[in-house]
Amino acid sequence: MLAWEFLMPVKIIYGAGSVEKLESVIDSLGLKKGILVSDKFLVDSGMAQKIVEYSNGKLVEVFSDIVPNPTVDSVDECAKIIREKNLEFAVALGGGSSLDCAKAACAIAKSNDSIRDYHTGGKVLSKSTAIPLIAVPTTAGTGSEVTKVAVLSDPSKNMKAPMGSPVLYAKIALVDSKLTLSVPKSVTASTGLDVLSHALGAFWNKHHQPICDAFALASTRLVFQNVEKVYNEPNNLEARDNMMLASLLAGLAFGTPGTTAPHACSFPLTNDYHLPHGEACAFTLDYFLRLNADVEGGRLHKLAQDCGFKDAFAMADELLRLKKAMGMKTTLREAGVKEEDIENLANHSTHPNIKNNPVDMDHAALLKMYKALY
Ligand code: NAD
């Protein structure tokens with residue numbers, strides 16, 4: 001018999017157009033003076049300004065010094081502004097990069113600490129230093145709006161790593177699929193397969209549990225039904241909405257058991273070879289789907305059948321086809337990795353979440369995989 005726990009304290013407000021209700025959402029928390037945390041592109045595109053208008057004067061600052069794979073320095077800079085201006089809350093608008101930067105900055109806002117103290121310094125986040133966050137995702141990818149994770153990069157250590165704490169949960173996730181209509185094709189593909197890597201990783205995770213399995217199945221089905229459609233028809237709001245829901249469900253799915261081997265392997269592919277996060281996760285995803293296919297009495301084959309495939313291998317074939325159809329890299333050679341770098345890549349694919357994979361991945365198994373993917 002399984003024993004398990006499930007906690008998800010984020011209130012979810014879901015619906016196309018729901019971001020227009022921002023002022024009443026802020027009012028529901030009794031807040032008056034906050035900061036919008038977004039990235040430069042969304043500021044330049046005018047989306048951030050719209051959000052400021054929807055807040056009706058309650059967002060009094062904008063911080064947008066955020067790059068993909070947000071850095072600890074951006075987090076510290078954002079927290080500094082919150083402290084100096086004595087702000088009560090934040091709204092995060094953007095993909096996972098903006099959301100994660102805001103989550104981390106909010107968590108340390110009422111302290112004088114640097115996020116480095118927690119990211120790599122071993123200090124434990126405390127509720128007493130946190131201010132509330134409303135998370136507004138603009139990509140259908142990370143599910144960060146409902147997870148207790150912030151993934152940060154520390155350029156001084158050439159490392160990208162997640163940090164996890166209940167203190168990092170947003171208070172409210174305001175999820176509006178209309179915001180994803182402007183996402184460019186390559187980001188649509190990469191984020192769409194990030195969703196799948198969360199859903200599949202949650203399902204095959206050694207620590208999987210029934211509530212998260214249900215979210216993972218629903219999410220996996222939605223991705224296979226919609227990701228190529230949304231790639232080819234960017235203005236299809238129904239397909240965009242289905243992917244937004246898939247992303248949210250996948251966030252709920254992996255939030256408890258965590259991510260697994262494809263994520264561990266994604267970190268060096270992003271750090272050293274600059275593959276976007278979702279593409280880096282998807283890079284090994286079909287390999288792991290085949291490798292993990294027969295675990296625990298074939299429950300992955302059952303998942304695949306519930307999604308309309310003959311078995312997990314057929315699902316992996318379709319995933320590889322999708323990656324090629326959406327212009328993603330499928331060999332290390334295409335990703336710019338030299339054959340002599342494979343050893344190094346395997347050495348860096350060792351984040352502890354690799355231990356969540358149901359098939360053990362030691363150094364030899366990583367080398368075998370990367371040679372096959374060369
Ligand atoms: P991102 O936030 O890095 O954004 C990618 C690009 O898309 C940026 O240039 C951004 O400006 C642009 N963009 C975002 N929304 C747009 C829109 N509506 N229209 C046009 N352009 C838009 O990408 P992401 O994939 O959402 O986030 C990736 C980050 O999230 C990585 O650092 C990853 O490690 C992290 N992540 C976090 C979690 C979590 O639970 N916290 C989970 C998975 C991934």
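As the structure lists them, so they are numbered: ligands from 1, and atoms in each ligand from 1.
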Below 4.0 angstrom from a heavy atom of [X], which ligand 1 atoms are there? Numbered from 1 as shown, please.
X	value
Thr191	25 (O)
Thr147	39 (C), 40 (O), 41 (N)
Asn69	31 (C), 32 (O)
His198	42 (C), 43 (C)
Thr139	14 (C), 15 (N), 26 (O)
Met47	18 (N)
Lys160	31 (C), 32 (O), 33 (C), 34 (O)
Pro184	20 (C), 21 (N)

Which of parallel (below 30°), tilted (30 to 60°) and perpendicular (above 60°) describes Phe254 and His198?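 The rings of Phe254 and His198 lie parallel, inter-plane angle below 30°.
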Which word best sums up how the rings of His208 and Phe203 line up, parallel for under 30°, tilted for 30 to 60°, or perpendicular for over 60°?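 Taking Phe203 first and then His208, their aromatic rings lie parallel (interplane angle under 30°).
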Polar contact flag for [X] and ligand 1 (N/O pairs, less than 3.5 Å):
X	value
Ser98	no
Val187	no
Phe254	no

Evaluate the side-chain proximity of Val146 to Met8: yes if any heavy-atom separation is below 4.5 Å, no if none is.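 Yes, at least one pair of side-chain atoms sits under 4.5 Å.
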Does ligand 1 have any atom that is closer than 4.0 Å to a heavy atom of Gly255?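 No, Gly255 has no heavy atom closer than 4.0 Å to ligand 1.
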Between [X] and [Y], do the side chains contain an N or O donor and an N or O acceptor separated by less than 3.5 Å?
X	Y	value
Asn292	Asn357	yes
Asn69	Ser153	no
Ser74	Asp65	no
Thr147	Lys103	yes
Lys110	Ser128	no
Asp76	Ser114	yes
Thr120	Lys157	yes
His263	Asn356	no
Tyr370	Ser349	yes
Asn353	His351	yes

Considering only protein heavy atoms, which is closest to [atom], and at what distance to one decimal place?
atom	result
atom 24 (P) of ligand 1	Gly96 N, 3.5 Å
atom 18 (N) of ligand 1	Leu179 O, 2.8 Å
atom 35 (C) of ligand 1	Asp100 OD2, 3.6 Å
atom 15 (N) of ligand 1	Thr138 OG1, 2.7 Å
atom 33 (C) of ligand 1	His277 CG, 3.4 Å
atom 9 (O) of ligand 1	Pro68 CG, 4.4 Å
atom 3 (O) of ligand 1	Ser97 OG, 2.6 Å
atom 12 (C) of ligand 1	Asp39 OD2, 4.5 Å

Within the protein, is there a heavy atom lying under 4.0 Å from atom 7 (O) of ligand 1?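 Within 4.0 Å of atom 7 (O) of ligand 1, protein heavy atoms are found.
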Has Arg290 got its NZ or CZ under 6.0 Å from the middle of the six-membered ring of Phe313, at an angle within 45 degrees of the ring axis?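 No, Arg290 does not lie over the aromatic ring of Phe313.
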Compare Thr188, Val195, Thr142 and give the one whose heavy atom is closest to atom 38 (C) of ligand 1.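 Looking at heavy atoms only, Thr142 sits closest to atom 38 (C) of ligand 1.
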Of the listed options (Pro276, Ser266, Ser182), which comes nearest to atom 19 (N) of ligand 1 when hydrogens are ignored and any heavy atom counts?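 Closest candidate by heavy-atom distance is Ser182.
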Under-4.0 Å heavy-atom contact with ligand 1, by part of Pro70 that carries it: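 Answer for Pro70: side chain.
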